[in-house]
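The structure appears below as structure tokens.
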Amino acid sequence: MWYTARPVKAMDSTTPTYSGTADYIAAPDLMQTVDVAVALGRPLLIKGEPGTGKTMLAQSIAHALAKPLIVWNIKSTTKAQDGLYVYDTVQRLYDGQFGDHDVCDIAAYIKLGKLGEAFSHPERVVLLIDEIDKADLEFPNDLLWELDQMEFFIPETRQTVRAGQRPIVVITSNAEKELPDAFLRRCVFHFIEFPDPATMRRIVRVHHPDLEDGLLDSALESFYRLREVQGLQKKPSTSELIDWVQALAIAGVEPARISARMPFLGVLLKKDKDVEAARRDMAGGRTGRGT
Amino acid sequence: MFVELFYLLRAYGVPVTVTEWLMFSQALAQDLAGSSLTGLYDVGRACLVKSEAYFDQYDQAFQHMFQGVETPQEIADEVWQWLADPLAPLHVSEEERRALLEALGDIDLEGLRRSFEERLQEQTEAHHGGDRWVGTGGTSAFGHSGRHPGGIRVGGRSMHRSAVKVAAERRYRSYRTDARVDVRQFEMALRRLRRLSARNQERPDELDLEATVRSTADHGGLLSLEYQKSRKNTVKLLVLMDVGGSMDPFVTICSRLFTALNRATHLKDLRFLYFHNCVYDHLFNDASCSTRNAVHTTQLLNELSGDYKLVLVGDAAMAPSELQARHGIIWWGQANEEPGIDWLRRLRRHFPHSVWLNTIVQAEWDWAYGHHTIAEIRRIFPMFELTVDGLTAAVSALMVRR
């Protein structure tokens with residue numbers, strides 16, 4: 001667990017503040033943003049390169065604030081309605097045909113979705129809506145009212161599901177699709193930047209606590225140099241670095257040889273062209289340039 | 001509080017709305033920013049800016065408001081290019097450093113900024129490793145990675161922490177979407193080429209759950225299946241791409257667009273043909289434009305109905321005669337009876353949904369080589385630059401109902 005210095009603020013005692021957890025390292029501005037979202041009761045929209053720990057953040061918030069976590073994974077076929085409730089008409093018809101259940105009680109055939117679950121939970125929960133951009137372009141707009149008011153109406157049973165405690169909503173996006181403006185206006189936004197070397201060192205340490213310093217140093221140096229190579233289609237990300245460090249450690253590669261030889265390059269780069277570009281860059285090296 | 005920032009942000013092109021401003025005010029009222037400028041910066045960005053594409057503009061506006069530093073865009077952009085390729089950090093001993101400091105005398109911020117601006121106006125090219133001009137790795141007071149003890153750092157990383165004032169850190173520059181980008185981003189823009197319709201479907205092929213339930217209930221609970229027509233994309237696309245000659249510098253961006261188009265499996269039909277400089281009697285099936293693989297343009301027009309959407313990709317830059325004159329075609333041994341411009345007009349008439357994607361960026365259309373023909377062609381086709389933003393705009397122009 002580590003702490004960062006940040007401005008002391010006048011918070012009422014009921015508002016919890018977030019400061020990362022032992023296995024998740026959050027930048028100071030991210031913590032601040034989380035606090036803003038929690039205090040204002042607004043959904044927190046998180047964007048960032050793959051592998052910057054967007055999904056992990058929700059788990060970490062839930063863990064740090066000791067709240068239950070509800071995860072709603074979005075797929076390309078997910079509809080907003082799925083998150084609220086599903087009326088299982090087929091089951092009711094089936095039961096009606098055989099007459100061995102009481103089909104008059106419609107409520108028995110209403111199944112709450114993840115959003116409904118979060119609203120009706122007795123405690124304040126953390127709700128993660130993961131990869132919202134996977135769904136149809138209109139999907140976020142269909143949830144505007146529900147996320148604003150934290151309630152929805154079930155016409156079949158004339159019931160309103162209302163959140164007793166506004167859930168802490170965390171939404172992640174890979175920027176595959178642009179989100180509608182009306183939706184964005186209601187969110188607090190944070191873009192997770194790619195970690196700098198110092199932060200990255202701590203992140204790798206979390207995963208590989210007993211790594212030699214020499215190996216980590218030269219692996220990190222090579223990794224960041226590789227990310228700078230011009231013309232890479234897909235830059236290597238955190239998860240690839242963690243795998244690569246593991247591979248280097250298992251194979252017992254000498255730290256001095258890492259930057260010169262770049263062993264297991266395939267772990268970091270997944271495209272032929274990228275591997276080629278990296279090799280070219282290494283062969284060329286840095287020569288004196290300038291005026 | 002800080003209402004000026006709201007208008008500044010809008011002036012810098014960040015789409016802030018009153019809703020967001022109220023959210024920001026609410027956060028300030030709850031003292032979420034603490035009393036620090038960093039806190040204000042973070043909270044403001046979280047509440048007011050909803051895309052990393054605008055972080056750069058936010059940075060500029062924030063800087064403008066709280067430091068009073070003028071950051072004129074047109075100067076900064078040039079300077080960025082000079083600094084894109086820095087030298088290795090320069091090593092300066094303590095004595096040299098002291099000597100430099102003495103030579104500089106007392107650091108006078110105003111004077112430094114003034115001479116920075118003067119220097120920028122005089123400087124016309126990149127300089128690295130020197131002691132006067134804006135560049136990298138030198139001992140000039142301006143630039144980055146250098147060792148001037150009290151200079152203005154222009155971007156780069158703060159290596160020696162001696163920059164008195166960060167003229168423009170602008171870390172989020174690369175997230176701006178008006179920059180040129182990769183295949184995936186093109187694909188995303190092309191996804192909007194979608195119009196779903198069930199009209200052209202011949203028979204119903206999808207289970208209609210609602211109707212099935214209703215019908216089953218009507219039949220006293222006996223299962224009775226109902227079907228509906230599924231909705232399919234009806235968009236058909238014809239792409240004509242300029243190859244060779246003046247298009248050579250744009251080969252990478254064109255191949256990215258080509259890949260993105262070919263991966264766009266959602267289209268009902270995609271035709272891809274090539275031309276050289278301008279469209280005449282023939283179009284070509286391969287990029288070498290060999291006559292063996294040619295198609296008559298008139299034949300193509302007969303074959304494809306007007307509901308195809310037409311995208312022309314090219315720099316639209318050519319000699320005026322190639323566009324305007326009979327026999328203006330650039331190739332020896334071929335003669336076009338009608339000038340290219342007539343062919344272009346014919347295409348436009350036949351395909352009401354058509355756009356021209358120009359590989360030259362819009363800012364240069366008025367003075368680049370070929371600006372005469374660019375202007376002529378713009379009168380016929382709506383023209384967009386070949387960037388993600390340009391393509392997105394072009395796609396919406398194509399999807400407008402007429």
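In what follows, every heavy atom counts, from backbone to side chain, and hydrogens, waters and symmetry copies are set aside. Throughout, protein chains are lettered first and strands after them, A, B, ... in sequence-line order, and every chain is numbered starting at 1.
The aromatic ring centres of A:Phe191 and B:Tyr54 sit 6.0 Å or more apart.
Partners of A:Tyr87 by ring-ring contact (aromatic ring centres under 6.0 Å, His included), not counting sequence neighbours: none found.
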Side-chain donor-acceptor contacts of residues 220-227 of chain A below 3.5 Å, not counting sequence neighbours, with atom names and distances?
| unit_1 | atom_1 | unit_2 | atom_2 | d |
| --- | --- | --- | --- | --- |
| A:Ser222 | OG | A:Ser218 | O | 2.8 |
| A:Tyr224 | OH | A:Pro195 | O | 2.6 |
| A:Tyr224 | OH | A:Asp196 | O | 3.4 |
| A:Arg225 | NH2 | A:Ser259 | O | 3.4 |
| A:Arg227 | NH1 | A:Pro236 | O | 2.8 |
| A:Arg227 | NH2 | A:Glu49 | OE2 | 3.2 |

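With a 4.5 Å cut-off on side-chain heavy atoms, A:Lys47 and B:Ser51 count as touching.
Chain B forms more heavy-atom pairs under 4.5 Å with one residue of A:Leu45, A:Leu40, A:Leu44, A:Val36 than with any other, namely A:Leu40.
Of the atoms belonging to B:Leu48, not a single heavy atom falls under 4.5 Å from chain A. Of the two parts of B:Val49, only the backbone, made up of N, CA, C and O, holds a non-hydrogen atom closer than 4.5 Å to a non-hydrogen atom of chain A. At a 4.5 Å heavy-atom cutoff, the contact between A:Arg186 and chain B is made by backbone atoms alone.
Here the NE2-CZ distance, from A:His190 to B:Arg45, works out to 6.0 Å after rounding to the nearest 0.5 Å. How far CG of B:Leu22 is from CZ of A:Arg185: 12.0 Å, rounded to the nearest 0.5 Å. A distance of 9.5 Å separates SG in A:Cys187 from CD in B:Glu20, rounded to the nearest 0.5 Å.
Under 4.0 Å is where a charged nitrogen must lie from a carboxylate oxygen, and between A:Asp181 and B:Lys50 no such pair does.
In A:Asp272, the CG atom is not crowded: 12 or fewer heavy atoms of neighbouring residues, nucleotides or ligands sit closer than 6.0 Å.
A:Gln32 places a side-chain N or O within 3.5 Å of a backbone atom of B:Leu32 that can act as its donor or acceptor partner.
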